[in-house]
Amino acid sequence: MLSPEEFRERYPEEKLAEELPDSPIGSLRDIQYLYGKLYTLATTGGGEYAPYLTPDAAGDLEDSGDSLIVVRADLSGDEPRLADRIDPVWVTSYSEDQVQDVAHCKYPAARGIDHSVTHQSGQNSDPEKLARYAKERLTKWATDDVVQEVAENHDEGWIIKELVELGEDEGALDEIEGTLTTALGGESTTALLTVQVQLDEDEGYRWPGDLDVFMEAMRQRKLSKLVTKNKADDSSGNATDLVTGEPTRTVGTSEDPQNYFLGKQLEKFPGLDIEEAWRTHPISEDAAVTVMNADTFVEACTYRTFGAKVYCLPYFFGRPSIDDAYTLYSTLHAAANADESRTTPIENVYQRRTDWSIDTNRLRFYVSAVMPHQMSRYDVFGETLNGRIQYPAELARSHVDVLRTAAFRDDDRWTAAFPTNEGWTLLDGEGLLGPIASGWYFAETLPTGEDEASADDIRIEALVDVLSGTPIPVSMLLDGYVERIIEEDTDEQFPRFRVASQYAQLCALAGAEEEFLTADDQQRSIAEQPTYRIRTMESRENLAITDGGFEGDQNLEEFIENTPALGHDQRCGVFLLGALVGAVGSYQEWPLERSTTLVDQFPVKSITTNRIKKVAQDAIEKTLTYTREEKKREGKQYPGTKFDYIVDRLRKTILNPDPDEWDLDKSDLRFYYALGVTYGMNDRPLSDDDEAAAEIEEEATS
């Protein structure tokens, strides 16, 4: 494959312009056609037969041992015979220089011989099998019905006829087998097997790529499969080519890099008659073959998420210009030649956007998540033509900003509302573009689901929505968040880092410049951006020290005021209830060292509007009990009770209206209860140990 520099040199602007489609990109087929055209130009070049060759199919054989076996037929005399002045069977090493010579056109091994006279053996075939393949160049390929039809109508058809005649000579076939077996010395190998023919005794032996009749036979064999796949007799007819817009003969069962429009995809086209598939999906023969050649570039732009295969195909909006084509080729070439890594196409392009002078405003991605079930049957879960770099990049930026706010960053004396953790991707804030583009960003917060994604997997839906800038319903996220919390809310430990990750994600989606969230009237405030102040890592000496009041009280008040979602009384009430349960639970766990706490006693899945008053009553009673115990045991004097800064607010919000009359959605109720629990568990003054850790962090970042 040509390097980007070689590509520019081989195809200057005027020459490349002749090859590019003159219509704008408007469908997956248009993208595949452009990919296939660039791939063909970069590998087999231009010309009538170039799109039909498969140069990558035998790429792993280049310069490897006995990888090319050539049967030499002398057709210069009255009777065809094997070469006698040189070896009748030549065993050598296949090289890149011979790609055009052998003109290989691969057909899946399980389905029969290759389209071209050149055939690729299976892995490490023994000499006996290789000998059979070598003889079949004469006895099977040359006698194929399609090849024979070409021979009847082509000026050079006599060449094929004489190969057939030579294949009927048992002595010649025995000589092929004996010579090849001797040459291999009994060793097995993987090889391309082909023929060379001598047409005149004064000339040398010609490769298949030198003879038009071989190439035309190869072409016709490949075309024959475009109309007979899935047992169709002849799925072809005159229609308008969906790629070029020209009226022509179209085919209905061509292969597809994604197996997306095959006749067998009956669920996509209910009632489809395979014989009439060309009417549903009309594509010309040449366009179909060019689309098939997109496979290398298409595969290079895929990755796996949740067991599904995600296609992320870059293209430029509108009609591809020459500069667009050069840039796109650089992008695809880099993807096709990249070392195996977990980097997604979006990350790759983002990292090199400056080097390649990419106009990111015109760059688009076709994104779809596909679940392969069989070799030719895929389910498509999500699909968009409008993926853009800006969307995941903006979300990554927004998420980092959220983690810099008072909601996630401690002040000098009191903890932040929620914890951060370097071991949690969404609470660390570094390098989030990759997790967002790959789908890991939502795998961290939404239900784990089955091993393989299903059609209604909200992780896939959220991924495609973010990449395409489509707003995600808040209700869908809350349902998913709560389901994941319940999955992990066990007796052993409340999933506070999970809840904190979910809330950071929710804030990031709400705070991004793009509109990533949509909600009904009741949940509209959840989609609004919180107004938490940014905390920078100032030195401790420069930090303003609170000179009055109780910090826990002030922080809670500030958090509620700056969280639009908590402007809703019922949501704020259940959040405060969770905060009290979390605070009491932490107190029970430490310093009381209780094995069972209020957090365990009232898990998220148990919270309903009918239980709000019961949970509140128990939690408040615990605060009174622990206050009395502390006063008696430690002689402490309180103006009120423990956690009264939570209790007082809870009493005000939880009674009006009465919880029995609440109409808050269940997932909404439970998520903000879980958020409150996380808040309460994290709500405490910084200890000496915390301060020491903070000082170390400051020194490390100063």
Side-chain angles (χ1 to χ4, degrees), residues 4-5 7-8 11-39 41-42 242-245 257-258 290-291 294 297-298 300-303 310-336 338 343-368 382-398 433-434 436-438 463-471 512-516:
E5 294 75 21
F7 188 86
R8 281 177 177 268
Y11 301 102
E13 292 187 6
E14 291 184 1
K15 189 174 182 180
L16 183 59
E18 297 174 357
E19 302 286 349
L20 297 181
D22 58 1
S23 57
I25 300 292
S27 69
L28 170 61
R29 279 288 176 267
D30 292 332
I31 297 172
Q32 291 174 325
Y33 182 81
L34 180 57
Y35 280 21
K37 181 67 78 173
L38 294 175
Y39 172 80
L41 293 173
L242 58 82
V243 173
T244 64
Q258 289 186 263
T290 302
V291 165
F297 285 155
V298 168
C301 297
T302 65
Y303 53 93
V310 178
Y311 292 84
C312 198
L313 312 181
Y315 70 98
F316 287 96
F317 182 80
R319 184 170 301 175
S321 68
I322 300 300
D323 286 340
D324 289 341
Y326 287 138
T327 303
L328 183 61
Y329 180 74
S330 296
T331 303
L332 298 173
H333 180 274
T343 306
T344 63
I346 284 182
E347 288 176 88
N348 286 332
V349 176
Y350 185 82
Q351 292 166 359
R352 303 187 186 187
R353 64 192 186 287
T354 302
D355 296 339
W356 289 335
S357 301
I358 292 178
D359 181 355
T360 54
N361 290 321
R362 293 188 58 239
L363 183 67
R364 297 284 192 280
F365 288 86
Y366 166 85
V367 180
S368 69
E383 184 179 35
T384 178
L385 273 166
N386 295 316
R388 301 183 68 183
I389 283 181
Q390 287 91 334
Y391 299 135
E394 167 61 14
L395 181 54
R397 181 207 60 75
S398 178
L433 180 60
I436 292 172
S438 70
L463 168 62
V464 176
D465 283 349
V466 163
L467 296 184
S468 62
T470 304
E513 292 183 2
E514 308 294 340
E515 292 186 7
F516 283 120

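Quick note: residue numbers are just sequence positions, from 1. Keep in mind that the numbers below use all heavy atoms, side chains included, and drop hydrogens, waters and symmetry copies.
Relative orientation of the Y391 and F516 rings is perpendicular, given thresholds of 30° and 60° on the angle between their planes.
By the 6.0 Å contact criterion, CD on E515 is open, its count of non-hydrogen atoms from other residues, nucleotides or ligands being 12 or less.
In terms of heavy atoms, P320 sits closest to L20 at O-CD1, 4.3 Å. Of all heavy-atom pairs between F7 and A42, the closest is CD1-CB, 4.1 Å. Residue V243 comes nearest to S23 through the heavy atom pair O-OG, 3.9 Å, listed as atom of the first residue, atom of the second, then distance. In terms of heavy-atom proximity, S330 sits nearest to P4 at OG-CB, 3.5 Å. Nearest approach of P314 to L363, heavy atoms of both residues: CB-CD1, 4.3 Å. Residues I346 and C312 share a closest heavy-atom pair of CG1-SG, 3.6 Å.
E13 CD to D323 CG: the interatomic distance, rounded to the nearest 0.5 Å, is 6.5 Å. Taken from CG in N386 to CG in L467, the straight-line distance is 11.5 Å, to the nearest 0.5 Å. The CD1 atom of I322 lies 4.5 Å from the CG atom of L16; values are rounded to the nearest 0.5 Å. Atom OG1 of residue T344 and atom OH of residue Y350 lie 12.5 Å apart, to the nearest 0.5 angstrom. Rounding to the nearest 0.5 angstrom, the gap separating the CZ atom in R364 from the CD1 atom in I389 is 11.0 Å. The distance from atom OH of Y366 to atom CG of L28, rounded to the nearest 0.5 Å, is 4.5 Å.
Side chain of Q390 to backbone of T360: a donor-acceptor contact under 3.5 angstrom is found. Judged by distance alone, the side chain of R362 and the main-chain N or O of F317 form a donor-acceptor pair under 3.5 Å.
Remark: of the listed residues W356, F297, Y326, W356 is the sole one forming a side chain to side chain contact (heavy atoms under 4.5 Å, CB included) with T331.
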Practice problem: Apply side chain to side chain contact (heavy atoms under 4.5 Å, CB included) to the pair L332 and C301, showing each step before the final yes or no. | Solution: CA-CA 8 Å; L332 298 173; C301 297; 3.9 Å; yes
Exercise. Report the C-alpha distance between I436 and V466 in whole Å, list the side-chain angles of each, state the deciding distance to 0.1 Å, and finish with yes or no for side chain to side chain contact (heavy atoms under 4.5 Å, CB included).
Key: CA-CA 8 Å; I436 292 172; V466 163; 3.9 Å; yes
Practice problem: Run the numbers on L385 and Y315 for side chain to side chain contact (heavy atoms under 4.5 Å, CB included), then give the verdict. | Solution: CA-CA 9 Å; L385 273 166; Y315 70 98; 3.7 Å; yes
Quiz item: Checking side chain to side chain contact (heavy atoms under 4.5 Å, CB included) for the pair R388/N361: CA distance, chi angles, key distance, verdict?
Solution: CA-CA 8 Å; R388 301 183 68 183; N361 290 321; 3.7 Å; yes
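With sequence neighbours excluded, the residues forming a salt bridge (charged side-chain N to carboxylate O under 4.0 Å, His left out) with E394 are R397, listed by chain and number. For E513, there are no salt bridge (charged side-chain N to carboxylate O under 4.0 Å, His left out) partners at least two apart in sequence or on another chain.
Contact check for F365 versus V349: side-chain heavy atoms found under the 4.5 Å cut-off. Side-chain contact between L313 and V298: present, with at least one pair of heavy atoms (C-beta onward) separated by less than 4.5 Å. D30 has its side chain out of reach of P21: every pair of non-hydrogen atoms, C-beta onward, lies at least 4.5 Å apart.
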